[in-house]
Amino acid sequence: MENRGKSPLSDESKQPKQKKAFFISADYHVYGERTYVRLLMKGRRFFRLYKFCEPYFYIDAPESQAQKILSACAFDKGQQIRPLRVEPVAKILFGKEKKLLKVFAKYPFHVPPLKDTLKEYQAYEFNIPFAKRFIIDNGLEPFSLVTYSRRGRILDSIVSSSARPIQLRTMAFDIETYNPAGVPRPTQDPIIMISYATNSGKSGLLTWRDTGKDFASILKGEKEMIEEFCRVVKDEDVELMVGYNTSQFDLPYLQARASALGAKLSLGRDKSSFKLAQRGLRKEAKIQGRIHADLYSVVQFLGIIGALKVSKYTLENAYRELVGKESATKSLVKKLAIWQMWDDEGQRKLLAEYSHNDSLETLELAQKILPVEMQLSRITKTPLFDVVSSTTGQLVESLLMRASFEHNQIVPNKPGEQEIRQRTANMIQGAFVKLPTPGVYENLVVFDFRGLYPSIICSHNIDPYTLNCSDCGKEESHLSPQGHRFCSKKKGLIPLVLEGIMEGRAGLKDKLKKLPKESQEYADVFAQQQALKILANSYYGYLAYARSRWYSRACGESVTAWGRHYITETAAKAQDAGFNVLYIDTDSLFLLLGNKTKEDALAFMKKVNSQLPERMELELEAFYLRGMFVTKKVAGEGDTGAKKKYALLDEQGRIKIRGFELVRRDWSKIAKETQSRVLNAILKEGSKEKAIQIVKDTIQALREGKVPLEDLAVYTQLNKDPDKYLITSPELAAAKKAIKAGKAIDSEAVIAFVITKSGASISEKATVLEMAKDYDANYYIEHQILPSVLKILRELGVTEDDLKFKGKQTGLEGFF
DNA sequence: TAATTCGCTAGACCGA
DNA sequence: TCGGTCTAGCGAA
């Protein structure tokens with residue numbers, strides 16, 4: 001961004017005018033000798049404002065050194081770099097007041113060399129992105145209404161004034177490519193369709209062959225189609241462009257085709273195309289003057305925090321799980337056959353529908369998931385483009401950086417590699433899990449601590465800089481079970497921020513109760529509280545995260561130690577009150593009612609709550625009619641109970657299942673379905689016989705070769721480069737075979753494989769689903785069906801032999 | 001190069 | 001062919 005253009009800001013002399021607009025985002029630009037922050041604003045339309053601004057950082061040096069520091073000299077590409085000026089400032093460093101020097105630089109890229117030149121002093125806040133710095137220092141909040149004054153395009157003053165609903169002109173888009181070689185080749189395979197859909201209800205398809213569809217516009221050729229797409233984006237004055245995997249695929253492909261055809265891909269407001277910004281392992285496309293949001297990143301984020309569970313992050317899966325509908329056309333088109341459909345006049349119509357529908361569904365998905373992202377953007381004061389590609393750690397960090405600035409505190413530095421290694425090697429003890437006794441139980445109650453870790457952090461003021469404070473006496477401070485003391489007088493930054501989040505969320509949840517479920521306001525408030533929940537749950541992880549600026553082993557281990565303390569203490573109380581404690585995991589407690597009533601259970605909960613610290617609360621999760629815990633195999637020893645694996649039947653007849661094979665994607669559909677049916681037969685109907693019959697029928701179907709290959713596929717992700725594995729797992733072997741056969745398998749791909757008849761080891765038998773011709777029935781019976789159902793049926797005294805066919809049926813085994 | 005730890009399970013690998 | 005150990009993936013919270 002150090003692109004030094006001529007200043008466009010010639011009209012600085014005009015009178016300032018007071019105005020209101022929405023603040024959207026900021027970046028920076030260097031014009032000649034000055035660095036300007038460039039703000040993207042929205043009035044009726046998007047527009048830009050500029051503000052001259054000087055980058056700075058802090059160094060820990062006495063004021064007497066100011067002159068010396070001012071004359072320090074660094075070099076960048078042979079150019080001399082000197083500080084612009086040096087100011088003494090009083091800040092709070094690591095919880096204590098401290099005099100520092102604030103060193104100003106001309107350009108953001110002067111900061112690192114200056115900091116290096118002054119390496120005899122400890123430096124702070126030298127690697128905060130400049131635009132982010134500006135947003136923090138000016139108290140700006142994306143999507144909020146601001147009052148500002150300007151002279152021409154130069155910003156004079158700006159104040160965030162209020163939160164107000166904002167509507168962005170949104171467009172979803174998607175391209176289809178000609179792919180005779182499987183994967184389309186950007187140098188030779190054309191784009192055949194571009195579809196789009198806007199939130200104003202407009203949608204269409206651009207293509208260059210007749211499709212017989214009235215939503216399609218037929219252009220002269222591919223080049224004209226790409227240019228027409230740019231025109232549509234411009235005419236619609238798109239503010240928010242959304243797509244699925246558009247950063248990785250659609251946009252780069254559009255770019256490549258545009259250059260191959262001599263067309264210009266003008267998507268930005270300044271007619272530029274897009275820029276790729278590195279975001280972790282991914283690249284994220286940035287379109288000038290608009291917000292580009294690739295929903296793939298958001299879906300992945302939702303997967304990481306556990307808000308979404310899918311085997312593969314495809315648009316189809318995300319749409320099903322998040323929008324709650326089945327895709328209208330996905331099943332009608334096979335990706336690999338797209339080129340044939342394009343060439344076949346009869347099928348082109350269907351392809352057009354499919355493409356058009358992709359954009360419509362992408363738009364629907366965006367409308368479902370972007371509200372939460374927009375709330376995260378506001379709360380963390382991070383522009384939406386950055387939020388959609390942020391990790392939980394970055395969001396938490398943003399919030400803490402803002403709070404630091406507001407409280408005159410210095411942001412702690414990021415750890416160096418050595419420090420990171422040390423932190424990683426030095427693991428923090430986590431939660432407590434009680435070993436359950438396997439069996440089927442009746443009448444259970446499950447309690448859990450609401451937001452256990454966040455509430456512990458707040459209740460005990462856990463923060464790196466309240467640790468071992470000198471402000472309060474030993475007796476007054478919070479003493480953790482591990483012996484760490486936290487100040488009881490001065491609230492730490494982390495508890496302060498977290499308390500704000502939790503109180504905000506509590507308020508929103510109250511508000512939610514009073515709103516009609518179908519109203520827009522309900523949806524808005526729901527998104528807000530969801531965003532706060534995501535953040536609250538991330539704080540403990542951030543404290544214990546090795547690359548965290550606010551890492552503290554003492555804090556992390558105190559949080560978990562208090563967690564173990566409260567859950568085991570509550571379990572002991574339950575035991576004393578006459579309940580049987582069946583199972584415990586982290587923050588939840590499973591009790592057998594026995595001869596106690598539900599009222600007794602609720603009274604117990606009330607009593608526990610009266611004894612807990614203010615912010616902590618035990619909640620009723622639910623009462624259950626039946627529950628089942630199973631055994632696990634222990635090599636060499638007798639079997640014991642399995643943790644993290646149970647099934648519960650609630651009073652409405654719904655089954656809640658955790659940990660069983662049937663919730664795992666690395667088991668075949670046939671095994672998962674059979675296990676699910678068996679579990680239902682036992683928990684709901686109490687019929688062992690029915691369960692046994694289900695298993696027998698499945699085994700027979702497998703032996704007779706009646707089970708479709710799709711039901712036999714196991715889905716597993718490869719997480720490394722194929723060459724870097726020490727062991728050849730079935731999925732790796734299958735992937736290697738597929739690569740050899742010319743199929744494109746990217747690293748991190750989810751491999752769907754089937755165990756076939758040919759080969760000796762299981763790996764040798766593993767073949768990717770699309771290439772598999774047959775299946776090894778015996779493998780599926782012995783390694784998929786029996787282990788998964790026996791886990792359950794053994795509790796009822798059923799043996800392996802009871803499930804396998806006997807008498808006249810045994811002959812079949814030899815036959816197949 | 002981007003939140004944590006606890007826990008289960010499989011299949012490969014290795015030595016007897 | 002066996003049993004123990006290791007690698008790897010995924011889920012619970």
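Chain letters run A, B, ... following the sequence lines, proteins first and then strands; every chain starts at 1. Computed from a predicted model, the values in this text were never measured in an experiment.
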Do any side-chain nitrogens or oxygens of [X] fall under 4.0 Å of OP1 or OP2 in [N]?
X	N	value
T391(A)	dA3(B)	yes
Y583(A)	dA13(C)	no
K643(A)	dG11(C)	no
Y646(A)	dA13(C)	yes
R547(A)	dA2(B)	no
K644(A)	dG7(B)	no
N719(A)	dG9(C)	yes
R658(A)	dG11(C)	no

Identify the residue among E397(A), E419(A), E417(A) that makes a salt bridge (charged side-chain N to carboxylate O under 4.0 Å, His left out) with R547(A).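 Filter result, single survivor: E417(A).
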Sugar-phosphate means primed atoms, P, OP1 and OP2; the rest is base. With that split, encode nucleotides 9-16 of chain B 5' to 3' as B, S or - using protein heavy atoms under 4.0 Å. SSSSS---
Check: N127(A) and K414(A) side chains under 4.5 Å, non-hydrogen atoms: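 The answer is yes; the side chains approach within 4.5 Å.
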Which residues, if any, of residues 556-564 of chain A bring a heavy atom under 4.0 Å of DNA chain C?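 Those residues: none at all.
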Can you sort out which residues in residues 448-462 of chain A have a heavy atom within less than 4.0 Å of DNA chain C? Ascending by number, please.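 The answer is none.
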Pair Q394(A)-T391(A), side-chain donor/acceptor within less than 3.5 Å: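 A donor-acceptor contact under 3.5 Å links the two side chains.
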Under the ring pair (Phe, Tyr, Trp, His ring centres under 6.0 Å) test, residues paired with Y441(A) that sit two or more places apart: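 Once residues adjacent in sequence are excluded, Y441(A) has no partner under the ring pair (Phe, Tyr, Trp, His ring centres under 6.0 Å) criterion.
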Determine the interatomic distance between C1' on dA12(C) and the same-named atom on dA3(B); round to the nearest Å.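 Their C1' atoms lie roughly 16 Å apart.
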For the residue pair [X] and [Y], categorise the inter-ring angle as parallel (less than 30°), tilted (30 to 60°) or perpendicular (more than 60°).
X	Y	value
Y545(A)	Y542(A)	tilted
Y646(A)	F629(A)	tilted
H460(A)	Y566(A)	tilted

To the nearest 10 degrees, what angle separates the axes at the start and end of the helix from dT4(B)-dA13(C) to dA16(B)-dT1(C), five pairs each?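 Its terminal axes enclose an angle near 10°.
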Nearest to side-chain heavy atoms of M427(A), which nucleotide of dA3(B), dT1(B), dC6(B):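 Within the option list, the nearest is dC6(B).
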Can you tell me the distance, in whole Å, between the [atom1] atom of [X] and the [atom2] atom of [N]?
X	N	atom1	atom2	answer
F590(A)	dA12(C)	CZ	P	12 Å
R665(A)	dG9(C)	CZ	C1'	8 Å
R423(A)	dT5(B)	CZ	P	13 Å
I428(A)	dA3(B)	CD1	C1'	12 Å
R549(A)	dA3(B)	CZ	P	14 Å
D666(A)	dC8(B)	CG	C1'	11 Å
Y715(A)	dG11(C)	OH	P	14 Å

Output a table of donor-acceptor pairs, distance under 3.5 Å, between side-chain atoms of residues 376-383 of chain A and any protein atom two or more places apart or on a different chain; print 'none' if there are none.
| from | atom 1 | to | atom 2 | distance (Å) |
| --- | --- | --- | --- | --- |
| S377(A) | OG | T382(A) | O | 2.6 |
| R378(A) | NE | E141(A) | OE2 | 3.1 |
| R378(A) | NH2 | E141(A) | OE2 | 3.4 |
| T380(A) | OG1 | L376(A) | O | 2.6 |
| T380(A) | OG1 | T382(A) | OG1 | 3.1 |
| K381(A) | NZ | E141(A) | OE1 | 3.2 |
| T382(A) | OG1 | T380(A) | O | 3.1 |
| T382(A) | OG1 | S398(A) | OG | 3.3 |

How far apart are the closest heavy atoms of I755(A) and Y780(A), and which atoms are they?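 That closest heavy-atom pairing would be N-OH, 3.0 Å.
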